[in-house]
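Convention: sequence-line order gives letters A, B, ...; per-chain numbering from 1.
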Amino acid sequence: MNLSSLCNGFLLWGREVYWINRNGGSIMKEYNPNDIEPKWQSIWADKQLYKSSSNPNKPKYYVLEQFPYPSGEGLHMGHARVYTIGDVVSRFWRMNGRSVLYPMGADAFGLPAENAAIQRGVNPRDWTLKNMERIKEEQSLMGMSYDWDRYIGTCLPEYYHFNQWIFLLFYERGLAYRKKASVNWCPNCNTVLANEQVIDGLCWRCDTEVTKKELEQWFLRITDYAERLLEGLDQLPKWPERVKAMQRNWIGKSTGADVTFALPEINEEITVFTTRPDTLYGVTYLVLAPEHPLVIKLIKGQKQEQTILDFVEQMKKATEVERTAENVDKIGYPTGLYAIHPLTKEKVPIWVGNYVLMDYGTGAVMGVPAHDERDFQFAKKYQLPIKQVIQQPEPTEGQLTAAYTGEGPLIHSAAFDGISNRKAIQAIAKHLEEVGKGGETTQYRLRDWLISRQRYWGTPIPIIYCDHCGVVPVPKEDLPVYLPEDVVFDGKQNPLTTSESFVHTTCPQCGNQDARRETDTMDTFIDSSWYYLRYIDPHNHEKPFDSDLVNQWLPIDEYVGGIEHAILHLLYSRFFTKVLYDAGLVNFEEPFTSLLSQGMVLKNGAKMSKSKGNVVSIIEASNTYGADAARLFMLFTAPPERDVEWGDSSNVEGSARFLKRVWRLIHDHHGLFEGEELDHAPLDDVAKELRQRLHQTIKKVTAEIGERNHFNTAVSAIMELVNEIANYPAESHRGVLKDALETLIILLAPFVPHITEELWQLTGHPKSIHLQPWPAYNEQFLKNDTIELVIQVNGKVRGKITVPIDLSKEEIESQALAHERIQELIKDKEIVKVIVVPARLINIVVKA
RNA sequence: GCCGAAGUGGCGGAAUUGGCAGACGCGCACGACUCAAAAUCGUGUACCUUUGGGUGUGUGGGUUCGACUCCCACCUUCGGCACCA
């Protein structure tokens with residue numbers, strides 16, 4: 001191939017390229033990322049290089065990153081890291097012959113747009129759409145290979161139409177319901193929050209302390225799926241253990257028993273939940289949560305009525321923090337009434353106490369001070385009786401000083417005396433069931449998902465209230481319920497309530513013209529609970545997606561995202577998928593087969609944030625170092641799940657330096673790609689070594705990306721190859737060198753797509769490198785004729801020998817023993833034994 | 001308290017099955033090139049040392065010919081849950 005034919009190749013790309021010969025004395029064309037990166041980005045876009053289509057002849061691979069919220073601030077390197085990881089994976093599998101789906105979108109509903117409307121009078125839609133465009137540009141700047149034809153924005157009616165559709169599906173299936181409840185209220189965001197969105201008593205978005213409010217709200221019955229959400233985790237071996245642990249904690253399963261105590265005086269019953277039915281005979285009192293519905297009835301006409309009512313009111317107003325902080329004292333009041341113990345028929349006093357929570361279990365607990373720390377404290381404080389029912393190994397003299405929570409045989413427990421408390425847990429629960437006073441049961445910490453939000457920029461809940469018909473769902477054919485434009489943003493009220501044209505409507509059931517629309521919108525986590533399904537069929541106007549298509553592509557093979565969604569988004573998505581499965585719309589129960597939870601990109605040891613002023617934007621990084629160097633740095637510096645420190649510039653410069661080195665290496669050998677006549681002589685030892693290194697590198701890089709997601713070690717293997725090529729003597733076999741250089745460029749392509757595309761073109765290849773098949777290694781070239789073995793004496797390395805690869809154990813042993821230095825070391829000693837590990841080492845065990 | 005993850009040079013990290021600890025990179029030092037600097041290239045870089053060697057992967061034990069890797073106990077850091085009955 002001569003220079004003009006090379007240029008022909010370049011002309012296919014529609015670009016004029018010239019070659020400058022460094023060795024010839026003129027200046028080598030410098031590696032300038034700001035030059036080549038935008039060029040290739042626009043060529044890739046024009047050629048639609050990354051358009052995906054399902055090809056029945058190829059196995060599919062669906063790789064996805066959590067889509068961004070299009071804020072006004074644009075994207076920083078934390079975002080870039082997520083996308084880079086996904087991009088490497090998608091490019092790798094594309095080159096490995098998979099039909100890859102790699103889409104992107106925007107999680108476009110949310111409060112900041114609305115706050116911008118309130119503060120600056122902008123239209124939330126225009127503001128959001130503008131940001132979406134900007135973020136797409138920034139993602140393209142990093143060289144991401146998304147299939148933009150599948151782009152979705154959740155704030156568009158084409159999308160939120162199907163949020164409403166799915167909401168109605170939940171409603172039909174009895175999984176969406178309205179109830180009046182004490183809910184979490186963020187006074188800063190002016191809206192309610194789901195339990196998952198309250199972090200340590202603070203709003204997940206703005207860190208404002210969350211208060212309680214009594215409101216009628218919409219919930220999704222995620223608790224119906226608690227057990228399946230828990231069990232499903234066991235089917236996810238490719239999820240990080242910590243994410244699964246977090247979900248397990250959140251679901252919070254505990255097994256125990258319900259116990260029913262009768263209240264003959266007022267003809268009622270109190271049911272308590274306990275994990276320790278074995279201590280039932282040690283109950284000396286009951287405690288109700290202040291919010292327990294029976295409290296009012298119990299205290300009616302009692303001495304303490306007013307005191308307790310005041311206490312209950314105070315508790316209802318308290319924030320989560322005030323109520324549950326660790327140093328909060330236990331406070332209780334006796335109601336004056338007694339319940340009947342279901343087995344002993346003894347009278348047990350009923351108290352109301354701050355430490356009992358209404359929304360866990362039954363809102364009532366039994367007090368067993370002898371065997372429970374909290375009950376012990378409470379009983380001591382209020383001088384309640386303490387009754388031991390489990391025998392301690394060494395009984396304490398006189399009064400107990402602490403609860404005994406260990407194991408032991410039961411005492412003072414009637415027929416159950418003498419049996420171990422472990423066995424008694426089940427025995428007593430079973431007995432309760434027989435006598436109709438309770439029985440084994442399971443409780444979950446998980447609570448139903450509150451999805452109503454008193455905000456504008458979200459999906460309207462498709463419900464109409466009619467004075468005649470009550471709650472009426474909007475018929476599916478009337479969807480979407482559009483967000484109205486004639487609203488007032490004053491920050492004081494839900495803007496939707498200010499749109500008369502929206503609120504005032506006709507009842508679809510009876511035609512009543514005085515019906516009202518629901519003015520709350522949906523939690524934006526609804527949007528992200530199924531968006532990964534919409535990418536499959538993004539332009540479907542009839543339904544959310546075509547089930548056959550979705551079943552072809554899903555589940556997602558690799559899902560990349562931050563740990564901050566370990567519970568929220570990932571739990572909700574799993575819930576949605578299970579509901580859609582039950583509805584027969586998808587044929588899988590878990591949407592994400594493999595989860596890659598990447599670490600943060602830190603700057604000065606802290607997460608990048610606007611308030612800390614330590615944000616490194618994508619634009620800044622790509623201008624300063626180039627997207628390729630920035631990508632390479634983040635991939636190389638640590639495995640993906642760890643945090644990386646963007647730090648001082650030297651780290652990123654190291655990556656840029658490596659790219660320059662590769663650039664020069666290729667240019668130094670440009671003759672190879674300009675029609676140099678290659679010799680066909682047999683390979684000498686140096687050439688064989690390079691070939692071996694090359695094939696080792698292919699093997700290593702393939703496994704590190706394809707099997708382990710260890711991009712850092714993949715990059716370091718490529719660096720080693722570069723070092724070896726750089727040391728390869730100019731006079732040695734040229735064909736091997738050419739092969740090594742070309743393969744090097746291909747191996748680097750998923751990591752640094754721009755520079756490799758440029759170099760691929762410069763080395764005379766007319767078609768994009770990103771359409772190249774991934775190189776295969778040859779097992780035969782991995783091996784050497786000889787191998788170096790380590791000789792140890794008593795486990796310490798004392799020498800080395802090089803032997804033919806197929807030398808027998810016996811011969812290896814005799815050669816090792818014959819080794820000069822080894823002889824010296826073992827000459828006065830008795831050889832106890834000699835261990836020969838083929839292809840590794842010889843260990844000679846000696847005694848002095 | 002319960003659950004989970006992690007502890008390796010000055011730094012980021014590597015060691016995939018129990019087999020040469022510290023690959024690769026950053027930083028640093030010295031050298032080459034240069035009037036000089038940058039860039040680049042080369043050499044060195046765990047610690048101690050009497051230059052024979054000794055020590056070393058959070059700590060203490062154990063298994064093994066051999067342990068960063070397996071077992072037991074513990075310490076520290078980070079994360080989740082937590083008056084959850």
Side-chain angles (χ1 to χ4, degrees), chain A residues 30 199-200 240-254 256-257 259 272-276 279 286-287 289 323-330 353-357 359-368 372-375 377-378 405 443-445 563 566-567 597 632-633 636-639 641-645 647-655 657-658 660-661 664 700 703-704 707-708 710 712-723 726-727 788-800 832-846:
Chain A
E30 286 251 336
I199 317 289
D200 295 332
E241 208 44 58
R242 62 176 174 155
V243 173
K244 289 191 278 188
M246 283 163 80
Q247 293 212 354
R248 284 192 192 103
N249 282 339
W250 190 257
I251 294 167
K253 179 178 182 173
S254 63
V259 189
V272 302
F273 171 71
T274 179
T275 54
R276 297 292 305 274
T279 64
L286 299 184
V287 192
R323 185 76 187 271
T324 60
E326 210 163 326
N327 48 9
V328 172
D329 256 351
K330 286 183 181 38
N354 64 337
Y355 74 102
V356 181
L357 307 172
D359 48 9
Y360 182 78
T362 60
V365 301
M366 60 186 213
V368 186
D372 181 281
E373 296 289 353
R374 293 155 310 185
D375 296 346
Q377 276 179 35
F378 192 79
T405 53
Q443 284 290 337
Y444 299 90
R445 208 191 71 94
I563 191 74
I567 294 167
S597 202
L632 191 68
F633 164 71
F636 171 65
T637 200
E641 60 277 5
R642 283 203 218 179
D643 290 350
V644 305
E645 169 67 41
D648 58 28
S649 54
S650 65
N651 294 323
V652 195
E653 274 161 16
S655 296
R657 192 179 305 159
F658 171 72
K660 279 183 209 157
R661 201 158 170 239
R664 249 183 289 114
K700 169 103 175 160
E704 296 296 86
E707 289 162 31
R708 300 210 310 165
H710 282 198
N712 55 328
T713 48
V715 173
S716 84
I718 296 174
M719 287 175 167
E720 287 180 76
L721 175 64
V722 168
N723 290 341
N727 291 329
E788 190 181 62
L789 296 178
V790 164
I791 309 171
Q792 297 181 339
V793 177
N794 286 346
K796 294 199 165 136
V797 180
R798 299 297 183 194
K800 290 178 182 181
V832 180
K833 68 170 142 176
V834 178
I835 291 127
V836 178
V837 184
R840 295 238 189 240
L841 52 70
I842 304 105
N843 190 12
I844 302 162
V845 185
V846 296

(message) Under 4.0 Å, counting only non-hydrogen atoms across every strand here, what does A:N354 touch: a base, just sugar-phosphate, or nothing?
(response) base

(message) Could you tell me how far B:rG25 sits from B:rU43 if I compare only their P atoms? Round to whole Å.
(response) 12 Å

(request) Counting Watson-Crick and G-U wobble pairs only, both distances under 3.5 Å, name the nucleotide matched with B:rC47, or none. (result) B:rG54

(request) Could you give the distance separating B:rA6 and B:rA85 at their P atoms, to the nearest angstrom? (result) 28 Å

(request) Summarise how protein sits on nucleotides 42-55 of chain B as a single string, 5' to 3': B when a protein heavy atom is under 4.0 Å from the base, S for sugar-phosphate-only contact, - for no contact. (result) -----------SSS

(request) For the side chain of A:R657, starting at C-beta, report the closest nucleotide among B:rC20, B:rC26, B:rC41. (result) B:rC26

(message) Within the 4.0 Å heavy-atom criterion, would you say A:E704 contacts the bases, only the backbone, or no part of the nucleic acid?
(response) base

(request) For B:rC11 and B:rC81, measure between their P atoms and round to the nearest Å. (result) 32 Å

(request) Check every atom of B:rA14, B:rG12, B:rG80 against the side chain of A:F636 and return the nucleotide holding the closest atom. (result) B:rG12

(request) With C1' as the reference atom in both, quote the distance from B:rA15 to B:rG60 in angstrom, rounded to an integer. (result) 25 Å

(request) Measure from the side chain of A:V356, starting at C-beta and using heavy atoms only, and say which of B:rU40, B:rA85, B:rG19 lies closest. (result) B:rA85

(message) A:S597: which residues meet the side chain to side chain donor-acceptor pair (under 3.5 Å) condition with it, sequence neighbours left out?
(response) none

(message) Measuring only the P atom in each nucleotide, how far is B:rG27 from B:rA39? A whole number of Å is fine.
(response) 10 Å

(message) Work out how far the P atom of B:rU55 is from that of B:rU8, and round it to whole angstrom.
(response) 22 Å

(request) Using a 90° cut-off around 0 for syn, call B:rG9 syn or anti. (result) syn

(request) To the nearest Å, give me how far apart CZ (A:R840) and C1' (B:rA15) are. (result) 11 Å

(message) Heavy atoms only, 4.0 Å cut-off, all strands: where does A:R242 land among base, sugar-phosphate and nothing?
(response) sugar-phosphate

(request) Classify the glycosidic conformation of B:rG53 as syn or anti, calling it syn when the angle lies within 90° of 0. (result) anti

(request) Have a look at A:K253 and say if it touches a base, only the backbone sugar-phosphate, or nothing, with a 4.0 Å heavy-atom cut-off. (result) nothing

(request) Would you kindly check whether a donor in the side chain of A:N249 faces an acceptor in the base of B:rC81, or vice versa, at under 3.5 angstrom? (result) no

(request) Could you tell me the separation between the CG atom of A:D372 and the P atom of B:rA82, rounded to a whole number of Å? (result) 18 Å

(message) Can you check the distance between B:rC75 and B:rA29, where both ends of the measurement are the C1' atom (answer in whole Å)?
(response) 37 Å

(message) Can you identify which nucleotide, out of B:rA14, B:rC24, B:rC81, has its nearest atom closest to the A:R445 side chain?
(response) B:rC81

(request) Could you give the distance separating B:rG22 and B:rG12 at their C1' atoms, to the nearest angstrom? (result) 13 Å

(request) Can you tell me the pairing partner of B:rA73 across any strand shown, Watson-Crick or G-U wobble, with both distances under 3.5 angstrom? (result) B:rU59

(request) Just call it for A:V797: base, sugar-phosphate, or nothing, with non-hydrogen atoms closer than 4.0 Å on any strand. (result) sugar-phosphate

(request) Select one nucleotide: of B:rA85, B:rA14, B:rG4, the one nearest the side-chain heavy atoms of A:S254. (result) B:rA85

